[in-house]
Colleague: 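I am attaching a structure below and will ask some questions about it afterwards.
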Amino acid sequence: MIKLDQDEKQWILLIKGQLQEKYPFKGRWIETLKPLFAEIYGWNPDEDNNYHDYLRGIFNKLLEIQLKIKDSWVDPHGQLKEVFFASFYKGISNDEELPIERAIGKLCGLIQCTTVINSDKTQRFDLL
């Protein structure tokens, strides 16, 4: 079983829509993630020109989580290619202005679609 720390579990639960009451979706992933980011790290991304540091920090955390929990049947480099493609090219469903914002949106989508339970009904990781 994949071992996750409590913060990683919170990020996954938020992205999978399990914490809607406390962290409602705000139309953009980078906005939806801000309250949990502030709660975990203790600083507001919107104050003191912290936005770019926030983007770098959240990108690194989400990439770390995705690499840790990606499904085993997935091409090991295919999802990384998707993240890079999304960052370099705006799309209909991912039209954020900055490349890193588009990459964060793609990582959220990948994490959101990752399976928690294997086909043999065993848990891949625990979110409680």
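Keep in mind that this is a model prediction, so the values were computed, not measured.
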Colleague: For the residue pair Met1 and Asp126, what are the closest heavy atoms and their distance?
Modeller: SD-N, 3.9 Å
Colleague: Take Val83 and Leu107, measure what side chain to side chain contact (heavy atoms under 4.5 Å, CB included) needs, and give me the verdict at the end.
Modeller: CA-CA 7 Å; Val83 172; Leu107 283 168; 3.7 Å; yes
Colleague: Is there a salt bridge (charged side-chain N to carboxylate O under 4.0 Å, His left out) between Asp71 and Arg124 once you walk through the steps?
Modeller: CA-CA 9 Å; Asp71 292 303; Arg124 296 185 62 239; 3.2 Å; yes
Colleague: Contact between Leu19 and Gln10 at the side-chain level, heavy atoms closer than 4.5 Å - yes or no?
Modeller: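 Side-chain contact under 4.5 Å: yes.
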Colleague: Do Gln79 and Lys106 have side-chain heavy atoms sitting under 4.5 Å apart?
Modeller: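 No, side chains not in contact.
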Colleague: Taking all atoms of both residues into account, what is the closest heavy-atom pair of Lys16 and Gln112, and its distance?
Modeller: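 In this case the closest contact between Lys16 and Gln112 is NZ-O, 3.0 Å.
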Colleague: How many angstroms lie between atom CD1 of Ile104 and atom OG1 of Thr32, to the nearest 0.5 angstrom?
Modeller: 12.0 Å
Colleague: When rounded to the nearest 0.5 angstrom, what distance separates NZ in Lys9 from CG in Leu14?
Modeller: 16.0 Å
Colleague: Indicate yes or no: does Arg102 engage Glu96 in a salt bridge with an N to O separation below 4.0 Å.
Modeller: no
Colleague: Is the shortest heavy-atom distance from the side chain of Lys68 to the side chain of Ile2 under 4.5 Å?
Modeller: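 Yes, at least one pair of side-chain atoms sits under 4.5 Å.
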Colleague: Going by the rule side-chain contact (heavy atoms from CB on, under 4.5 Å), which residues pair with Pro24 if we only count those two or more places apart in sequence or in a different chain?
Modeller: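 Per chain and number, Pro24 pairs via side-chain contact (heavy atoms from CB on, under 4.5 Å) with no residue.
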Colleague: Taking side-chain contact (heavy atoms from CB on, under 4.5 Å) as the definition, give me every residue that meets it alongside Lys22, ordered by chain and number, with sequence neighbours left out.
Modeller: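 side-chain contact (heavy atoms from CB on, under 4.5 Å) list for Lys22, sorted by chain: Glu39.
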Colleague: Measuring from Lys70:NZ to Thr114:OG1, what's the distance to the nearest 0.5 Å?
Modeller: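 The distance works out to 10.0 Å.
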Colleague: Is the number of heavy atoms from other residues, nucleotides or ligands under 6.0 Å of Asn60 CG greater than 12?
Modeller: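 Yes.
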Colleague: Do Phe37 and Trp43 have side chains that approach each other closer than 4.5 Å (heavy atoms only, starting at C-beta)?
Modeller: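 Of all side-chain heavy-atom pairs linking Trp43 with Phe37, at least one is under 4.5 Å.
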Colleague: Should Leu4 and Ile69 count as side-chain neighbours, where that means a heavy-atom distance under 4.5 Å?
Modeller: yes
Colleague: So that I can tick it off, tell me whether Glu101 and Arg28 are bridged by a salt bridge, with the cut-off set at under 4.0 angstrom between side-chain N and carboxylate O.
Modeller: yes
Colleague: Please name the pair of heavy atoms, one in Ile15 and one in Cys108, separated by the smallest distance, quoted to 0.1 Å.
Modeller: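 Looking at all heavy atoms of both residues, the closest pair is CG2-O, 3.2 Å.
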Colleague: For the backbone of Asp5 and the side chain of Glu8, can you confirm whether one donor and one acceptor N or O come within less than 3.5 Å of each other?
Modeller: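 Side chain of Glu8 to backbone of Asp5: a pair is present.
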Colleague: Atom CZ of Phe125 and atom CD1 of Ile12: how far apart are they, to the nearest 0.5 Å?
Modeller: 5.0 Å
Colleague: Backbone N or O of Lys121 within a donor-acceptor pair of the Asn118 side chain at under 3.5 Å?
Modeller: no
Colleague: Out of curiosity, Tyr41 OH to Asn50 CG, how far, rounded to the nearest 0.5 Å?
Modeller: 14.0 Å
Colleague: Would you compute the distance between atom CH2 of Trp11 and atom CD of Gln6 and round it to the nearest 0.5 angstrom?
Modeller: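 It comes to 13.0 Å.
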Colleague: Yes or no on side chain to side chain contact (heavy atoms under 4.5 Å, CB included) for Lys90 and Glu97, after CA distance, side-chain angles and deciding distance?
Modeller: CA-CA 8 Å; Lys90 284 185 181 184; Glu97 190 59 36; 3.2 Å; yes
Colleague: Other residues, nucleotides and ligands only: do more than 12 of their heavy atoms fall within 6.0 Å of CZ on Phe84?
Modeller: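 No, CZ of Phe84 has 12 or fewer neighbouring heavy atoms, counting only those of other groups under 6.0 Å.
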Colleague: Are the side chains of Ile100 and His52 in touch, meaning some heavy atoms are under 4.5 Å apart?
Modeller: no
Colleague: Write down the atom of Phe59, the atom of Ala103, and the distance for their closest heavy-atom approach.
Modeller: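 Minimum heavy-atom contact is CE1-CB, 3.7 Å.
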